[in-house]
Amino acid sequence: MNRLKNIKSLLQPRTFAFQMLAAMLTVSLIPLLLLSVFAGQTVSSQLNHFNELNTAMIEKNYFSMYEANIEEQVRAIDTELRLVEDAVLLAKALAESIFSTENHAEVRPLAFKYDLAQKRFIEKQPDGMGVVSIRTDNPLQYPTPEQAYDLARSKALFPLFKSESSRKQNIVSIYYIHPKSGSYYYPEFIAQDSDAPSKPIHLLTSYNFYSDALNVRPKSNRVAWTKPYLDITPRGWMFTTTTPVYDENRVLKGVVAADVTIERFVNNVLDTRFADENGIALLLDTDHELIAAQQHGANEIQQLDLAQLFSNDTLNSFRSMQLDGQQKVVFSRSIPSTNWTLGYIIPEHKLLEPIHSATLMLSAQTSDKLIVQLSLLGLVAVCLSVLLSFYLRFKISRPVNMLAEAFAEMSEGQFTSSLEDTWSLEFNQLLRAFNRMSHKIQELMEEQTELNHQLEYKVELRTEELRDMNNELEVRVDELLRLEHWRKELLMNISHDLKTPITLIRGYIEAINDGTISGEDTGIFLRRIYEDIQTINQFVRNLNELSLLETRQLEAKFTSFAADSFFHAMVSKWEPFMKLEQRPFHTRKHASGGRLRGDTHLISRVIDNLIDNALKYSTGSSPITFTYELTSHTAIFRVIDIGSGIPDDALPYIFNSFYRVDKSRNSGIPGSGLGLSIAKEIADIHGGQLTVIPNAEEGHGCVFSLTLPLSN
């Protein structure tokens, strides 16, 4: 019996205070774990500080190494430029020897012919040894004997030109220019038809590649470099090294020069020596203007102030800058042969990426060793924490989660009948209280739901009645307002359009009665009275027809018919009249086939109205165009005139009843302003559209388009 009592006492739920006491005993082991963590953080902080100092020192050495590499690239680029200079200086020396007064070598005279496509004189019998060319827009201005003789002598430069252009990959062309214009160059540039000059080319002596050479003093063994320029041939942007040629009497005999295209220089030099796509290499002249740059950096270079970034104060040193939200490092060096500036811009994180990678690797290795050492110390604390978490899960968190789930179900309208018992006395009391509350709330909610259903039903019935009444009232008010507006406008327009013919009829009748009109002229004025009466009758018919169309009392007789046959019928109808009136009438059919469903008589009324308006509002000699087009779902008929047109501010109202562009209605052009309104209603009845736009091709006139849906 005592044993059973002991077992029952063990199975009795423990108080929450007792369970918390056990938890506190377990938590007392946590300081050991915290001590391990703090020790690890302290050692790691000291290690990181040491790594930062070491990294800064390595970065400084790496920058110095990178500057040395830039110096090497400057020397390489300087060598490339000097190779071009050497080629020009060799050509200068050979040319001065050729043009020496002591040189009496005989040359074959050159005969020229004029190339009309290229606008230049060339050799009649080319020998494949370079090209002699004299640019001129005047085919009658034959080269002078002096030009022909000097250009013939310059062909002795061919072996050197050929050798240097083949050995120096950056040279695209090497040439000699005569002081009185004309040139001899190698290799020959063969232009396509699209490359032919679109404007006259000036004398070669007026370009910078000639004038810059004259800044070099006679007997001076040096060259001049031009600024970048757009070549007179379609080879794009380039720069030129140039030098003058004098004879022994210091008489100018011309200029020798070599062209280097910026595209080739970038490909052969910058892209080759600076292959990293993250960096941007660029070349500036002495005025800090851009000569060449790598293509992938064009957008970033446009954002830079090159004169400030590569000023003389910052030359031959590196500095940092912000560009596109990134920290960039800028290197620059001066090229000795030309005093140009070589710049290189590279993201700082890319430049120092190897250093950071090595530092991070070293830090990671050290951290791994530290973690292994501290892990042994914290292993016991971690194990105790895991056990404590399981204990709290089953002893404390479980009943709390049960209550949370029950409350969530309650918020969704689901009431749990009862919750499971736990081994904690306090939680058992809480769960029983919750069960009682849940049952009571469920009963109240059921009563509330029933009352809500009854109330909602009554409110819904009343709301529906009010909505119907309100909708009916709005419809009645809108209809009354529309009818009142239509009545006022109708009376005003009718009185305005009937006033003129009635006044004329009255005047004619009074004149006949008074004897003002002689008996001989009475017949003429009676005809005028008859015409005005017909105008009134036509106006009344149009008004009646528009009313029937707007109220849909006029029933259209829908039939299926071929759209292109209808087009031909309308053309046949109007062509005789146009010939009689001597009006040009153009018709165009852009497609065949297509069937429409509609009333051919009403659709004909629309086309007739559009053509009649085109005749009224255009001069007697201007043409009228009638076209037919077919799309996948519609057929389009267009009437095009080149008359006076419609002002832009009148276009939105052109299809309104009684609307005329001439507000005074006395322009002399007959009409009541109802024709286009009737045409618009006919188009709407057929499910189509009637639109108008200005005639953009002619600059004046209108294009009316009738678009009708195709029948299946």
Side-chain angles (χ1 to χ4, degrees), residues 63-86 88 170-171 208-209 212 215-216 222-230 236-242 258-324 326-348 350-351:
F63 278 126
S64 299
M65 181 182 68
Y66 216 92
E67 285 186 312
N69 180 56
I70 294 295
E71 288 282 1
E72 180 182 349
Q73 302 307 328
V74 165
R75 288 192 294 271
I77 293 175
D78 184 65
T79 300
E80 294 290 340
L81 295 176
R82 288 188 183 276
L83 288 175
V84 179
E85 290 182 358
D86 291 343
V88 174
N170 289 316
I171 296 177
N208 288 344
F209 47 74
D212 286 359
N215 295 325
V216 179
R222 68 181 187 88
V223 299
W225 287 91
T226 67
K227 291 181 178 294
Y229 61 91
L230 187 63
W237 286 90
M238 63 173 57
F239 51 91
T240 301
T241 176
T242 178
D259 289 340
V260 177
T261 64
I262 291 179
E263 180 181 6
R264 180 174 293 190
F265 186 80
V266 169
N267 293 338
N268 294 338
V269 179
L270 296 185
D271 286 349
T272 301
R273 301 191 177 277
F274 298 93
D276 189 355
E277 293 186 357
N278 296 303
I280 307 169
L282 63 155
L283 196 63
L284 308 177
D285 62 14
T286 54
D287 295 329
H288 299 103
E289 294 183 1
L290 187 65
I291 296 177
Q294 290 179 294
Q295 185 63 33
H296 63 264
N299 292 333
E300 295 186 15
I301 292 174
Q302 291 179 357
Q303 306 175 29
L304 300 176
D305 184 353
L306 299 178
Q308 180 179 358
L309 184 61
F310 295 97
S311 63
N312 295 330
D313 296 335
T314 59
L315 198 61
N316 299 326
S317 63
F318 74 88
R319 56 269 185 206
S320 298
M321 60 173 288
Q322 282 284 339
L323 182 62
D324 289 340
Q326 287 188 345
Q327 191 72 15
K328 306 279 188 175
V329 179
V330 182
F331 297 90
S332 61
R333 286 292 183 275
S334 177
I335 299 175
S337 62
T338 59
N339 289 327
W340 292 348
T341 300
L342 172 65
Y344 190 60
I345 305 173
I346 188 171
E348 185 172 334
K350 288 293 182 180
L351 181 66

- Contacts of Asn208 that satisfy side chain to side chain contact (heavy atoms under 4.5 Å, CB included) - sequence neighbours left out: Ser211, Asp212

- Asn170 and Glu80: which non-hydrogen atoms are nearest, and at how many Å? ND2-OE1, 3.0 Å

- side chain to side chain donor-acceptor pair (under 3.5 Å) with Trp225: which residues, sequence neighbours excluded? Glu85

- Heavy atoms only: give me the nearest Gly236-Leu230 pair and the separation to one decimal. C-CD1, 3.8 Å

- Message: Between Asp78 and Arg82, does any NZ, NE, NH1 or NH2 come within less than 4.0 Å of an OD or OE carboxylate oxygen?
- Response: yes

- side chain to side chain donor-acceptor pair (under 3.5 Å) against Thr240, all qualifying residues, sequence neighbours excluded: Tyr229, Asp259

- Message: Is there a side-chain contact between Ile77 and Trp340 in this structure, where contact means two heavy atoms from C-beta onward sitting under 4.5 Å apart?
- Response: no

- Query: Can you find a pair of side-chain heavy atoms, one from Val216 and one from Val223, that are under 4.5 Å apart?
  - Reply: no

- Note on the structure: All heavy atoms of Thr226 vs all of Phe209, minimum pair found to be CG2-CA, 3.8 Å

